[in-house]
*Asks:* 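Have a look at the structure that comes next, please.
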Amino acid sequence: MNWKNFAICGLTGWCMEILFTSFGALLHGDAHLMGYTSVWMFPIYGMAALISPIYKKIKHWPMLLRGFFYAVAIMAGEFFSGSILRFFGICPWDYSGTPYNIAGLVRLDYFPLWVIAGLLFEQLLCRQPQKKETA
């Protein structure tokens, strides 16, 4: 695994989660926009670096299909990592009180958000640098 990409994905994931929880607070009437995350989330988001080698195999797929694939993989990773963290009593999330949850670890209604996140990570990791044209 490319450790630079791991760090980029970990930091990007942290930022996305802080923004997401900030705006979620606003929707619940808290104008302070206090976002939050957990240090445990850094390696979980860092695993999005695996999108780069996967993209090389599926880049010919339509964008939406790739997004669906990433979302399924992200939700599987969320379930797996959450199960491990819960076993040790340190899982930073619990969706038990929300509709469409699986074991309190995954929210099916977040699927479209994970499609977008997967495609965002794809762009972050796999965009080709533009070559300069010479005269």
Side-chain angles (χ1 to χ4, degrees):
M1 178 180 300
N2 181 320
W3 294 105
K4 178 182 173 190
N5 285 348
F6 183 87
I8 288 169
C9 289
L11 291 170
T12 301
W14 266 350
C15 291
M16 288 189 319
E17 185 164 334
I18 290 168
L19 289 171
F20 183 79
T21 56
S22 294
F23 290 115
L26 181 64
L27 291 175
H28 288 95
D30 184 358
H32 291 99
L33 294 176
M34 296 297 295
Y36 57 90
T37 189
S38 166
V39 171
W40 293 116
M41 298 309 295
F42 183 85
I44 294 169
Y45 285 119
M47 294 305 291
L50 293 172
I51 286 175
S52 184
I54 291 170
Y55 173 76
K56 292 174 184 168
K57 305 266 188 220
I58 66 170
K59 64 184 176 185
H60 62 282
W61 292 9
M63 181 182 66
L64 192 55
L65 183 58
R66 292 194 316 269
F68 272 63
F69 179 83
Y70 298 145
V72 169
I74 288 168
M75 292 179 90
E78 182 180 31
F79 186 86
F80 178 72
S81 60
S83 296
I84 292 170
L85 292 171
R86 182 184 281 170
F87 177 80
F88 290 105
I90 55 174
C91 187
W93 70 91
D94 182 3
Y95 300 135
S96 297
T98 63
Y100 314 112
N101 80 81
I102 299 174
L105 295 171
V106 175
R107 286 184 60 167
L108 296 176
D109 56 326
Y110 282 180
F111 189 85
L113 299 173
W114 289 128
V115 169
I116 294 166
L119 292 170
L120 187 143
F121 280 118
E122 176 188 272
Q123 286 298 303
L124 186 66
L125 297 168
C126 304
R127 65 175 180 244
Q128 297 298 319
Q130 298 294 322
K131 294 183 179 185
K132 293 182 181 179
E133 291 188 32
T134 55

*Asks:* For residues L26 and Y36: do they belong to one hydrophobic cluster (side chain heavy atoms under 4.5 Å, members Ile, Leu, Val, Met, Phe, Trp, Tyr)?
*Replies:* no
*Asks:* Looking at every heavy atom in both A48 and C9, which two are closest together, and how far apart are they?
*Replies:* C-SG, 3.8 Å
*Asks:* What's the separation between atom CZ in R66 and atom OH in Y70, rounded to the nearest 0.5 Å?
*Replies:*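 So the gap between those two atoms works out to 5.5 Å.
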*Asks:* Does one side chain, of Y45 or E17, offer a donor that lies under 3.5 Å from an acceptor on the other?
*Replies:* yes
*Asks:* Could you measure the distance from the CG atom of L108 to the CE atom of M75? Nearest 0.5 Å is fine.
*Replies:*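 Result: 5.0 Å between the selected atoms.
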*Asks:* Under 6.0 Å between the ring centres of Y95 and Y100?
*Replies:* no
*Asks:* Restricting to non-hydrogen atoms, name the atom on L105 and the atom on S83 that form the minimum distance, rounded to 0.1 Å.
*Replies:*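 Heavy atoms of L105 and S83 come nearest at CD1-OG, 3.3 Å.
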*Asks:* How many angstroms lie between CG in L119 and CG in L124, if you round to the nearest 0.5 Å?
*Replies:*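 Rounded to the nearest 0.5 Å, the CG-CG separation comes to 12.5 Å.
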*Asks:* State, to 0.1 Å, how close T12 and I8 come at their nearest heavy-atom pair, and which atoms those are.
*Replies:*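 Heavy-atom minimum between the residues: OG1-O, 2.7 Å.
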*Asks:* Answer yes if L33 and F20 sit in the same cluster of Ile, Leu, Val, Met, Phe, Trp and Tyr residues linked by side chain heavy atoms under 4.5 Å apart, and no otherwise.
*Replies:* no
*Asks:* Please say yes or no: joined through hydrophobic side-chain contacts below 4.5 Å, possibly via intermediate residues, are F42 and I44 part of one cluster?
*Replies:*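 Hydrophobic grouping puts F42 with I44.
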*Asks:* Taking atom types as modelled and ignoring hydrogens, do the side chains of H32 and D30 form a donor-acceptor contact shorter than 3.5 angstrom?
*Replies:*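 Short answer, yes.
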*Asks:* Locate the shortest heavy-atom distance separating W61 from L65; write the atom from each residue and the value.
*Replies:* CE3-CG, 3.8 Å
*Asks:* Looking only at heavy atoms, which two atoms of M34 and A25 are closest? And how far apart?
*Replies:* O-CB, 4.2 Å
*Asks:* Supply the atom-to-atom distance W93 CH2 to T37 OG1, rounded to the nearest 0.5 angstrom.
*Replies:* 10.0 Å
*Asks:* Check for me whether the distance between the ring centres of W3 and F6 falls short of 6.0 Å.
*Replies:* yes
*Asks:* Which residue, F69, W114, F111, forms the side-chain contact (heavy atoms from CB on, under 4.5 Å) with I74?
*Replies:*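 The option that passes is W114.
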*Asks:* Any chance you could measure F80, atom CZ, to L85, atom CG, to the nearest 0.5 Å?
*Replies:*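 It comes to 10.0 Å.
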*Asks:* How long is the span from the OG atom in S81 to the CE atom in M41, to the nearest 0.5 Å?
*Replies:* 6.5 Å
*Asks:* Taking all heavy atoms of V39 and all of W14, pick out the closest pair and write down the distance.
*Replies:*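 For V39 and W14, the tightest heavy-atom pair comes out as CA-CZ2, 3.9 Å.
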*Asks:* According to a 4.5 Å side-chain heavy-atom criterion applied to Ile, Leu, Val, Met, Phe, Trp and Tyr, with indirect links allowed, do L27 and Y110 form part of one hydrophobic cluster?
*Replies:* no
*Asks:* Within the distance-only criterion (no hydrogens, no angle test), does the side chain of N101 pair as donor or acceptor with the backbone N or O of T98 below 3.5 angstrom?
*Replies:* yes
*Asks:* Are I116 and I51 connected in the hydrophobic side-chain network, where two residues link if heavy atoms are under 4.5 Å apart?
*Replies:*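 No; I51 is not reachable from I116 via cluster members.
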